[in-house]
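Counting from 1, the numbers follow the sequence of the chain as shown. Atoms within a ligand are numbered from 1 in the order they appear, just like the ligands themselves.
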Amino acid sequence: MSSDARRTRTVRPIPDRPPSFAEARTKRAKVRAAGMDPDYWYAAAYSSELPRGRTLATRFWGQPIVLFRGTDGSLHALEDRCAHRQLSLSGGEVNGCHLTCTYHGWTYDGDGNVVHYAHDLFGRARPEVKVPSHPVTTRHGLIWIFPGDPALADTRPIPDIPELSGSRPWARLDASYTWQAHHSMIIDNVSDFTHAYLHRRYRPFWDAKLTRHELIEDRVELSYDTFIGGGRFTSRFVDRRRVDTTSIELAFDYPYQRSDTGGSIKHWCFVLPMDRRTSRVFFLFYFDALKIPGTRRPVPHWLMPHLMRAAGALAVRPLLREDGHAVESEQLGYERHHAAPIVELNPAVGLFQELTIRKWEEFLDRDRARPRPSGIASADGRVLPPFRGG
Ligand code: FES
Ligand SMILES: [Fe+2]
């Protein structure tokens, strides 16, 4: 055999799509295919996005969900699929606490039961039809859904943020984006401070040295010595006599991410994994140590909302858009070059990925063992025998 023929036989074609979770052999491929455990509460929208009498379509890991708020103010979350001919219910109409599909007028209550048929039933008994519903609630100005086993919803807490309640809540700044990127890329991004270069114009942090990283049960804790808030806008408002801005504590407290600078500047990041390459991310920043520039006087309470609006427009949102461009570009890079090795230097990133993979494996194990109505696909794609129509 010629050496050319030998070379030809050893060339393996590179698959044109990244491997699934079951196919993945490397940590990188596994984490980029992992879902997020649905047995947690996930922020899905701002409460203000869903007025009374309206619907809002969203997704959790590919599963379409319709949120609707009744004209009576009640909030509901159903699978976004009419049981009749599978139209999206989010195109329907809300009346009272019910949602009516736009096509043949089947009307659903908040638990997903069809309570009215707007047409003749051809002499048949009224069918007992239901679509799955999800626990839903509001907290911190956000709508939260529980996409997993409803029986577990009461056992899982939504993060408590005591600084935002009480008579003098901290100043708050919100920002939300839908990015074309896998959720794990966003978690890597928000806790990996090696990307100060990306933000060289705004300098939210620089010269970061990782001083601690530890995986403790379902949480990765890490700290950096770094300089926080050195941008042109933020550096004037942060009261450095009251807050130590030379280090930061972060955590990936599965499935949420948070930070704390000196006990006075904090944030949460809530990621909704919509599908393998789409994530909605909700950033919630809150501050306790802001001063009037050029003085030592704290920013008065009445001025805070105006200051937060200006900070959002001038500093925070432009900076987060840089992160958005980076993770979307990383997603495209992964899809094109998933078989090429990468060099990962930050050891904390390895811990986020380990945790994400383990939590998804644990969920898949629970999901395989869970009794379910037949015909419902398990999370790893197996489809059980046909649904009996109930
Ligand atoms: S498809 Fe919804 S009522 Fe027919
Ligand atoms: Fe960033």
Side-chain angles (χ1 to χ4, degrees), residues 55 57 64 66 68 78-95 98-109 112-122 124 126-132 173 175-177 179 181 183-208 210 222 224 226-231 233-234 248 250 252 257-259 261 265 267-269 271 279 281-285 311-312 315-331 346 348-349 352 387 389:
T55 65
V66 55
F68 73 96
L78 303 180
E79 184 177 348
D80 193 4
R81 174 187 65 86
C82 180
H84 185 208
R85 293 197 193 153
Q86 329 290 348
L87 262 73
S88 295
L89 287 173
S90 46
E93 194 173 284
V94 179
N95 285 298
H98 293 154
L99 174 59
T100 300
C101 177
T102 194
Y103 197 2
H104 309 90
W106 290 22
T107 296
Y108 295 80
D109 67 13
N113 301 298
V114 177
V115 294
H116 177 70
Y117 297 88
H119 56 78
D120 181 31
L121 296 179
F122 306 95
R124 298 176 187 220
R126 221 182 70 129
E128 296 283 319
V129 175
K130 185 175 167 107
V131 294
L173 198 159
S176 176
Y177 304 89
W179 286 334
H183 56 84
S184 66
M185 290 179 188
I186 296 169
I187 295 299
D188 291 355
N189 166 273
V190 288
S191 294
D192 169 26
F193 278 22
T194 58
H195 74 279
Y197 183 77
L198 175 72
H199 302 309
R200 54 200 176 278
R201 279 181 63 207
Y202 299 100
R203 292 166 74 89
F205 52 84
W206 79 97
D207 201 15
L210 186 69
L222 64 157
Y224 293 97
T226 181
F227 296 97
I228 297 289
F233 184 90
T234 42
I248 186 168
L250 298 114
F252 175 28
Q257 189 266 350
R258 59 184 157 85
S259 77
T261 303
I265 303 172
H267 98 277
W268 282 94
C269 170
V271 179
S279 306
V281 54
F282 299 87
F283 292 99
L284 201 172
F285 298 92
V316 177
R317 290 195 185 91
L319 180 151
L320 292 173
R321 280 197 286 272
E322 292 179 330
D323 287 310
H325 290 143
V327 294
E328 290 189 342
S329 186
E330 181 176 0
Q331 177 71 37
N346 187 341
V349 169
F352 310 146
F387 199 37

Side-chain touch Leu121/Arg126, heavy atoms, less than 4.5 angstrom: yes

Which heavy atom of Asp80 sits nearest to which heavy atom of Ala57, and what is that distance? OD2-CB, 3.8 Å

Atom 2 (Fe) of ligand 1: protein N, O or S atoms that are less than 2.8 Å away, sorted by chain: Cys82 SG, Cys101 SG

Glu93 side chain near Thr102 side chain, heavy-atom distance below 4.5 Å: no

Would you mind reporting whether Val316 and Tyr202 have side-chain heavy atoms less than 4.5 Å apart? no

Atom of His267, atom of Ser259 and distance for their closest heavy-atom approach: ND1-OG, 2.7 Å

Does the separation of the ring centres of His199 and Phe193 fall below 6.0 angstrom? no

Take the Fe ion (ligand 2) as the vertex and measure to OD2 of Asp323 and NE2 of His199; round to 10°. 90°

Do Arg124's NZ or CZ and the ring of Phe122 fall within the cation-pi criteria of under 6.0 Å and 45°? no

min-distance N/O/S atom, His195 vs the Fe ion (ligand 2), resolves to NE2

